[in-house]
Protein chains: 2
Amino acid sequence: MIKTSDEKYLRAIYHLSEDKNNKVSLSELAYYLDLKPPTVLERVHVLQSEKWITYKKTDGIHLTKTGEKEALNVVRKHRIWETFLHKICKFSWSEVHELAEQLQNVNSEKLIDRIYDLSGTPKFDPHGDPIPDKSGKLPVSERRPLLNSVDGCKCVVLGVNEDSNEFLNYLTDLKIGLNEKLIVEKVFVFDGSMKIKYRNNESVILSPKVAEKIQVTCIKPNCPCKN
Amino acid sequence: MIKTSDEKYLRAIYHLSEDKNNKVSLSELAYYLDLKPPTVLERVHVLQSEKWITYKKTDGIHLTKTGEKEALNVVRKHRIWETFLHKICKFSWSEVHELAEQLQNVNSEKLIDRIYDLSGTPKFDPHGDPIPDKSGKLPVSERRPLLNSVDGCKCVVLGVNEDSNEFLNYLTDLKIGLNEKLIVEKVFVFDGSMKIKYRNNESVILSPKVAEKIQVTCIKPNCPCKN
DNA sequence: TACTAAAATTAGGTATGCCTAACAATTAAT
DNA sequence: ATTAATTGTTAGGCATACCTAATTTTAGTA
């Protein structure tokens, strides 16, 4: 059985190796976890001795098969809590993450199952990220960055690529949330910023930096947007 | 602000001083928390220095005003989680306690509020114990031990006086649960045991020891049962 | 290649939360 | 009132999860 205190390590390693396919360094991990390298090194040795990860200075940190499965299970718990908090408890998008962090430590598969059912057995969490099933399989979606839209595209927000409070609060202010329908009125070619229409004909101009981080999927079939 | 790790102490002290009105000894507390006296002594010193409790060898442990308020808040959190787990997540009566123990550590008043609303703003938890309001006030109920019933009394189960798994499982086996309606067919005077009719005319004989620990309230007005 | 910057490691330290064993004080029982 | 049992206290230790400072290793660059 895995220790609660190991779970955040596995989740962190999972996320880091997802992004930068595979090579996770000690200091990266330390930075991500907001801990100092010696602390992390110590734990990494333990995790290695427990066969959750492999680690060689030159090669970085990798999840083993077992480790990845365990990590996916933690990810599952985390995302189910996030979904529950957002959909059922009506927490805003930006409040959800920190709370889920705490709740994910609660140790009861049965509870997760119930919470999952209560939330309507979703395939994606409120950020639009896929929820692994119990065996660790991830559902696939058609998500792509809003940035890749063409003029006139009608799409729906599936999630975001960044978790910082600054970003999430910005979206909350604009009232761009999960499942929000957006119409791309115009893409300005010179810098890629775009005018978006949404809600009751409100509109806003989003910078390419923002548009890159909003994940959407087209509503109309055969929409010509790039993936 | 109180530390999570202190909360279980305050809740324990609250429960112990509730039962035995007031004098809580070190070893009692240690036993209750399943810790050794030196461990508890250490923490008691800290809690005292933080003004949550007073402690003198001769006088035992007492909650201060602030301590009691904090304890009631922990009790509130705990009972709200228990209610949620039972009513909404369909956990059995006996599973609820341990999980609530873990969940009560999650630090978000807002979450408690939401969970409370989801559970239907109950005044009593699934054991029938009162849920303090935010200011620490306890609702009152007419609960009394089943043992005090007279022949023919029709009553409803509000809760129990004991938390041991043995006891809770026993009740679960009998299918005597919260809100179960019971008819007291006959009280046997020689030892106080009683024949109970419930559900679809099932009946069972309960020992006085058990009947003492089941908390009920009469359904018919002006029922002559003792309180 | 030699040098420097970055990353990893080692050594040693702190706080927390628990423990056992030994001793002291209090309470209860003969 | 003395003894025995219970309760409380002290001292010292262990594991965990962090830290800083100093050193070594690796990797990138002039």
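As the structure is a computational prediction, the values presented were derived from the model and not from experiment. Chain identifiers are assigned alphabetically (A, B, ...) following the order of the sequence lines, protein sequences preceding nucleic acid strands; residue numbering begins at 1 within each chain.
Taking B/Lys110 as the reference, A/Glu95 meet the salt bridge (charged side-chain N to carboxylate O under 4.0 Å, His left out) condition, with sequence neighbours excluded. For A/Glu162, the salt bridge (charged side-chain N to carboxylate O under 4.0 Å, His left out) criterion is met by A/Lys213, not counting sequence neighbours. Remark: A/Asp117 engages A/Thr121 in a side-chain contact (heavy atoms from CB on, under 4.5 Å) (not counting sequence neighbours). In this structure B/Leu41 satisfies the side-chain contact (heavy atoms from CB on, under 4.5 Å) test together with B/Leu26, B/His45, B/Tyr55, sequence neighbours excluded. Taking the salt bridge (charged side-chain N to carboxylate O under 4.0 Å, His left out) definition, one finds that B/Glu70 meets it with nothing, sequence neighbours left out. For B/Glu42, the salt bridge (charged side-chain N to carboxylate O under 4.0 Å, His left out) test picks out no residue, with sequence neighbours left out. Here B/Asp191 pairs with B/Ser193 under the side chain to side chain donor-acceptor pair (under 3.5 Å) rule; sequence neighbours left out.
The overall bend of the helix from C/dT1-D/dA30 to C/dT30-D/dA1, read as the angle between its terminal helix axes built from five base pairs each, is 10° when rounded to 10 degrees.
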Next on the checklist: At under 4.0 Å between heavy atoms, how does the protein contact nucleotides 8-24 of chain D? Give one character per nucleotide, 5' to 3', with B, S or -.
Outcome noted: SBB------SBBBB---
Show me the donor-acceptor pairs, under 3.5 Å and distance only, between side chains in residues 98-106 of chain A and residues at least two apart or in other chains.
| unit_1 | atom_1 | unit_2 | atom_2 | d |
| --- | --- | --- | --- | --- |
| A/Glu101 | OE1 | A/Arg11 | NH2 | 3.0 |
| A/Glu101 | OE1 | A/His97 | NE2 | 3.4 |
| A/Glu101 | OE2 | A/Arg11 | NH2 | 3.4 |
| A/Gln102 | OE1 | B/Asn107 | N | 2.9 |
| A/Gln104 | OE1 | A/His78 | ND1 | 2.7 |

For nucleotides 2-4 of chain C, give me every protein contact, N/O to N/O, under 3.5 Å, one pair per line with atom names.
none

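Contacts classified as salt bridge (Lys or Arg N to Asp or Glu O under 4.0 Å) and involving residues 121-132 of chain B (residues at least two apart or in different chains) are given here: B/Arg79-B/Asp125, B/Asp129-B/Arg143.
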